[in-house]
Asks: 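Below is the structure I would like to discuss, written out as structure tokens.
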Amino acid sequence: MSGFLLRRTGQAAGVLLGVTLVVFILERLTPGSLAHAILGPRADHQAVRAFDAANGLDHPLPVQYLDYLWHLLHGDLGYSYRLNQSVGSLIASQAPNDLILVGLGFALALAIALPLGIAQAVRRNRAGDQLVTAATLALYSMPSYWLALLLIAALSTGAHLLPPEAGPPGPAGILSDPRGLVLPVLTLTLVNVAWFSRYMRSAAIETLAEDYIRLARAKGLPERLVLSRHVLRNSLLAVVTLLGMSVPMLLTSGLVVEYVFNIPGVGLSYYVAAANADYPVELGITLLVGVATVTGSLLADVAYALLDPRVGTPGAGSPKQP
Amino acid sequence: MIQRFAHHRFGVAGAAVLVLLFAFCFAGPLVDPTNQLQANVAITNMAPSAAHPLGTDANGYDVLGRLMVGGRASLEIGLAVAVLATLFGALWGALAGFSGGAIDALLMRIVDTLLALPAIFVLIYLATVAQPTIWLLIGVISLLSWLGPARLIRGETLSLRSRPYIDAARAMGAPRRWTIVRHLLPNALGTVTVNATFQVADAIVLLATLSFLGFGLAPPAATWGGMLYQGTAYLLDGYWWEVYPAGVMIMVTVIAFNLVGEALRDTLNARTR
């Protein structure tokens, strides 16, 4: 068990190092030199040389990469000359909004998708299941911005029930305008429900075919208990993996939803940075997203190993990674 | 096999929709040629009429004609990405699964690393570094899309490589390359095909998202996502024909590819996703 945890953590560390290398390479793809970007296109040769020397840009690339890692280790994600602010402080000021928005959408989606998936599995291939499957397939095939636009058209410009975008954040952050949060959270919830319930349905179908379910029914356990004690709990194992894998998807839909509803968050900052060619912000956020993804899948695997004693023992293999 | 596929009503419907889509996008402009290159300020934002069945957009382009032209880019990029990413990913995964040991570990850690960076973030960044062209988009989306197939085929290879016919090939002294290309890949073909179908859908969504955010092909090139990007500015003005047709096209295309993929998965009995 501890061997598995150790191996898995080492693996994640290696992948993280790889992520920093990729981001470093992406940084070198930026057009023009950093010195000219900051000092202006007419900066003379001497000024450029002095700037390069001051920022370590005259070192060979491998040394520059180590420099970059050194800065990262000290929490320095880069500096936005456009915003005159460090990327770290920019992200720190906006990350709470993302946590609220994406967290709400995620939690609501789980609360809906888990029972829904089990209900579908129990009534497998009957009319109700097919209807829900069709609906989730449609949602699943819908880009999140398209769903957001439909919701705006229906509930905002159509029925005038809700504002089409979030109001400016007040003292309580984005929570000061709860009405403005309804549509963004609803969009994220629906997108996630489509994904999670499809997964939950197939996990529950697999669980329902197990011998211990037949045993539970044969010994006369009420169906309600069979579902809550055996099917739900065992299908949750599959969901743990899903949670870890869903980080990139959550952040991607977060970016799109923040853009559509104009919610100040890391995603919108990324968009604004991209529109203004503010490379340090883009790369800092990309790196952070990579770290979040790696951490998510590591935590999921660790949780899986803790929950399922078969994992990490000889002959059991590693957790399934579809 | 065709008979088994025909049993899938949704799969058949999806395939029929795809045939219609290709006809619409590639043959449509021949039947109903429209000017999609020069803007015409005299006819901007016109409501649907006999001359323009789906109206015109803010640049005076005929929306119906633009849907056809825009669909071409989506389908071309989607198909090209599916082929390239699947080929490369399959070879990579087969090599990793077949080699095992340190090579396998290294190859798969590279996959994990790239998988940790969500495609849309990298794509947007690259779009700000270089102006996207159709070839650049195919290349970059492929570079970000071969990871799924690589993992899938590695898994498939691990289960296939212990089969007796692989042992037989090896016992007869077949080189590794031969065994992979002639024995492993053909047997993993079902899985590969099914996954490629889903990849077309994924690539189309990715491209549309990029275009929707304003980082897609530069005008006058048309894409569905780009039309949606432009049209949403007029959502509050009631110019519905500039928003909904493009969105519906994206959705229908993606659903159709997903339906065909799911039917193929059942038909070929492939494990995927």
Side-chain angles (χ1 to χ4, degrees), chain A residues 11-12 14-19 21-23 26 29-31 134 137-138 140-147 149-150 152-153 156-157 164 199 247-252 255-256 259-260 267 270-271 273-279 282-283 285-287 289-297 321-322, chain B residues 10 105-106 108-130 148 151-152 155 201 204-206 208-209 212-215 224-225 228-229 231-232 235-238 240 243-244 246-248 250-259 262 271-273:
Chain A
Q11 224 176 58
V15 170
L16 270 186
L17 201 64
V19 168
L21 183 63
V22 173
V23 172
L26 286 177
L29 292 179
T30 50
L137 178 73
Y140 179 83
S141 304
M142 232 183 252
S144 42
Y145 48 86
W146 171 239
L147 179 63
L149 289 178
L150 289 182
I152 291 178
S156 180
T157 57
Y199 201 87
V247 172
M249 193 204 67
L250 289 175
L251 294 173
T252 301
L255 164 74
V256 171
Y259 166 75
V260 173
Y270 186 86
Y271 173 79
N276 292 316
D278 191 354
Y279 304 120
E282 287 182 71
L283 290 168
I285 294 178
T286 305
L287 181 73
V289 165
V291 172
T293 308
V294 174
T295 317
S297 77
Q321 284 192 332
Chain B
F10 287 117
L106 179 69
M108 292 327 282
R109 286 305 84 72
I110 293 177
V111 169
D112 288 348
T113 302
L114 292 174
L115 218 48
L117 295 166
I120 196 72
F121 287 85
V122 179
L123 266 179
I124 292 179
Y125 174 76
L126 289 175
T128 57
V129 172
R151 273 195 163 182
L152 204 61
I204 288 177
V205 170
L206 201 55
T209 307
F212 174 75
L213 294 170
F215 298 104
W224 290 334
L228 208 51
Y229 166 67
T232 45
L235 190 64
L236 300 179
D237 296 316
W240 56 268
V243 186
Y244 298 114
V248 169
I250 297 174
M251 200 174 73
V252 167
T253 310
V254 174
I255 291 181
F257 275 108
N258 280 339
L259 285 176
E262 287 191 2
R271 297 180 300 126
T272 137
R273 287 211 167 163

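Convention: sequence-line order gives letters A, B, ...; per-chain numbering from 1. This structure is a prediction, so every number in the text was calculated from the model and none was measured. Values below: all heavy atoms of this structure, side chains included; hydrogens, waters and symmetry mates excluded.
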Asks: Which one, A/Thr286, A/Leu149, A/Val294, leads in non-hydrogen pairs under 4.5 Å with chain B?
Replies: A/Leu149
Asks: Quick check for you: to the nearest 0.5 Å, what is the distance between A/Ser297 atom OG and B/Leu115 atom CG?
Replies: 9.0 Å
Asks: Between B/Phe212 and A/Tyr259, how do the two ring planes meet: parallel, tilted or perpendicular, split at 30° and 60°?
Replies: perpendicular
Asks: Taking side chain as everything from C-beta outward and backbone as N, CA, C, O, which of these in B/Ile204 sits under 4.5 Å from a heavy atom of chain A? Side chain, backbone, both or neither.
Replies: neither
Asks: Where is the tightest heavy-atom contact between B/Val205 and A/Tyr145, given as atom of each residue plus distance?
Replies: O-OH, 4.3 Å
Asks: So, applying side-chain contact (heavy atoms from CB on, under 4.5 Å) with A/Trp146, which one of B/Val254, B/Ile250, B/Leu228 is it?
Replies: B/Leu228
Asks: Under 4.5 Å from any heavy atom of chain B, what part of A/Ala138 do you find: side chain, backbone, both or neither?
Replies: both
Asks: Which bit of B/Leu259 comes within less than 4.5 Å of chain A, counting heavy atoms only: side chain, backbone, both or neither?
Replies: side chain
Asks: Pick from A/Val256, A/Leu255, A/Ile285: which one has the most heavy-atom pairs with chain B under 4.5 Å?
Replies: A/Leu255
Asks: I'd like to know if the side chain of B/Tyr125 and the backbone of A/Glu282 have a donor-acceptor N/O pair within less than 3.5 Å.
Replies: no
Asks: Any idea which of A/Val291, A/Val19, A/Val247, A/Leu150 has the most non-hydrogen atom pairs under 4.5 angstrom with chain B?
Replies: A/Val19
Asks: Non-hydrogen atoms of chain B under 4.5 Å away: do they reach the side chain of A/Leu21, the backbone, both or neither?
Replies: neither
Asks: Kindly compute the distance separating CD1 (B/Ile120) from CG (A/Leu251), expressed to the nearest 0.5 Å.
Replies: 12.5 Å
